[in-house]
There are 2 protein chains.
Amino acid sequence: MDTRTQLLDAAEELFAERGYNGTSIRAVTNLAGANLAAVGYHFGSKAELLAAVARRVIEPINNAQREGLDRLLGRTAEPTVAELVEAFTGPMFDGMPAGDERSVRRSRLLVTILGDPADEVRNWMGPVEDAVRDRYLEAFRRALPELPIEELWFRIKGVLAVTTVDRLEPQGDAARRWAVTFLAAALSAPPTAPD
Amino acid sequence: MDTRTQLLDAAEELFAERGYNGTSIRAVTNLAGANLAAVGYHFGSKAELLAAVARRVIEPINNAQREGLDRLLGRTAEPTVAELVEAFTGPMFDGMPAGDERSVRRSRLLVTILGDPADEVRNWMGPVEDAVRDRYLEAFRRALPELPIEELWFRIKGVLAVTTVDRLEPQGDAARRWAVTFLAAALSAPPTAPD
DNA sequence: GTCTATAAAAGGATAGAC
DNA sequence: GTCTATCCTTTTATAGAC
């Protein structure tokens with residue numbers, strides 16, 4: 001395999017387990033069996049290595065979420081909450097059969113990256129993800145017209161939090177179906193009564 | 001204020017915003033207006049400083065959760081799901097009026113600490129928290145007897161994830177009540193049908 | 001308890017040979 | 001593309017004066 005890919009694989013594993021600041025370039029090149037200078041040559045800097053790793057994991061998920069929403073809206077003008085939840089969270093569980101070591105790594109990377117406070121991580125994300133998220137927010141708003149926008153926004157943040165739950169053990173795609181049950185019920189709850 | 005406390009305050013703020021590995025002892029002592037050597041003198045090491053910070057934030061929450069459960073079980077042998085959720089999540093929102101700068105900091109510290117992959121963070125937590133969590137798990141199990149234990153466990157992890165949702169903007173204790181609504185509905189959902 | 005000074009190590013980056 | 005060698009900065013930790 002080419003060095004570039006081995007660096008990506010090694011970085012993916014280490015960023016997932018130790019976070020951005022907890023991972024040194026030396027650790028990455030050692031694990032990849034490459035030379036210390038390789039990261040500079042192939043990516044330019046540690047921050048750009050992170051961007052490449054994150055792109056590789058997140059872009060397919062984002063695309064699947066967007067396409068899932070398109071497909072859903074093409075089929076019906078009024079998708080249910082459960083359908084929206086499935087389209088949004090499904091891709092975060094797809095291609096990650098339980099037991100597969102690579103899946104565990106990617107899942108953990110999502111957890112770590114989505115929660116990493118390092119500037120290099122926070123700055124990279126945002127624009128890409130936000131576009132998809134906003135489209136879902138709008139769709140949920142229409143499916144839950146009686147819910148005040150502030151509480152809906154809180155629930156969407158709750159959804160994001162739950163999708164990062166560690167899912168190391170569940171067999172099959174149990175976690176995926178559990179997540180849909182959990183989130184569909186949470187989103188469908190009647191609005192909280194005001195003070 | 002004594003130096004020790006100022007170091008704790010400064011460290012709390014910086015760990016919350018940049019994580020453990022992203023925070024240097026220099027940054028802490030600068031913000032605290034103390035000397036670089038002060039951390040070594042008062043705490044021994046950076047890792048022990050973190051432990052002191054985490055203890056100060058988490059212990060009161062843990063105690064309140066334990067006492068809340070005791071109170072609940074003293075009143076009724078069969079608490080409802082909503083009552084259990086309130087007892088468990090309430091303390092994570094208490095003493096944190098929105099708008100108060102210190103509250104924002106503590107809330108963010110919880111988010112960062114509960115998700116920080118650094119060994120120094122992960123190793124510190126665990127035993128203390130687990131005892132309380134297990135008691136709640138048992139109580140939820142009794143309140144939801146028809147739910148398979150594996151799915152219940154997944155839902156508990158979902159609860160933990162949601163309690164770390166950033167709650168910077170909501171006014172009053174709206175976030176607290178929204179969280180209870182969200183989580184009570186999620187936990188009360190019927191079991192997911194098996195494959 | 002607080003300060004200066006410094007030790008000792010780790011980290012990011014790159015120049016230049018091959 | 002890959003390697004060695006090295007520079008420069010940042011970091012944790014501590015010894016010893018005050």
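Each chain gets a letter, A, B and so on, in the order its sequence line appears, and its residues count up from 1.
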**Request:** Kindly state which residues belonging to residues 26-43 of chain A come within less than 4.0 angstrom of DNA chain C, counting heavy atoms of the residue only, listed by number.
**Result:** A/Arg26, A/Leu36, A/Ala37
**Message:** Using whole Å, what does the distance between atom P of nucleotide D/dT11 and atom CD of B/Glu120 come to?
**Reply:** 15 Å
**Request:** Would you mind reading off the distance between B/Glu48 atom CD and D/dT12 atom C1', rounded to a whole angstrom?
**Result:** 13 Å
**Prompt:** About how many Å separate CZ of A/Arg133 and CG of A/Asn62, when rounded to the nearest 0.5 Å?
**Reply:** 10.0 Å
**Message:** Would you compute the distance between atom CG of B/Asn63 and atom CD of B/Glu59 and round it to the nearest 0.5 angstrom?
**Reply:** 6.5 Å
Is the closest basic N to carboxylate O distance between [X] and [Y] below 4.0 Å?
X        : Y       : value
A/Arg142 : A/Glu78 : no
B/Glu120 : B/Lys46 : no
B/Arg56  : B/Asp9  : yes
B/Glu67  : B/Arg71 : no

**Prompt:** Should the heavy atoms of other residues, nucleotides or ligands under 6.0 Å from CZ of A/Arg18 be counted, would the total exceed 12?
**Reply:** no
**Request:** Look at atom CZ of B/Arg135 and say whether more than 12 heavy atoms of other residues, nucleotides or ligands are closer to it than 6.0 Å.
**Result:** yes
**Message:** For a 4.0 angstrom threshold against heavy atoms of chain A, report the outermost contacting nucleotides of DNA chain C in 5' to 3' order.
**Reply:** C/dG11 to C/dT14
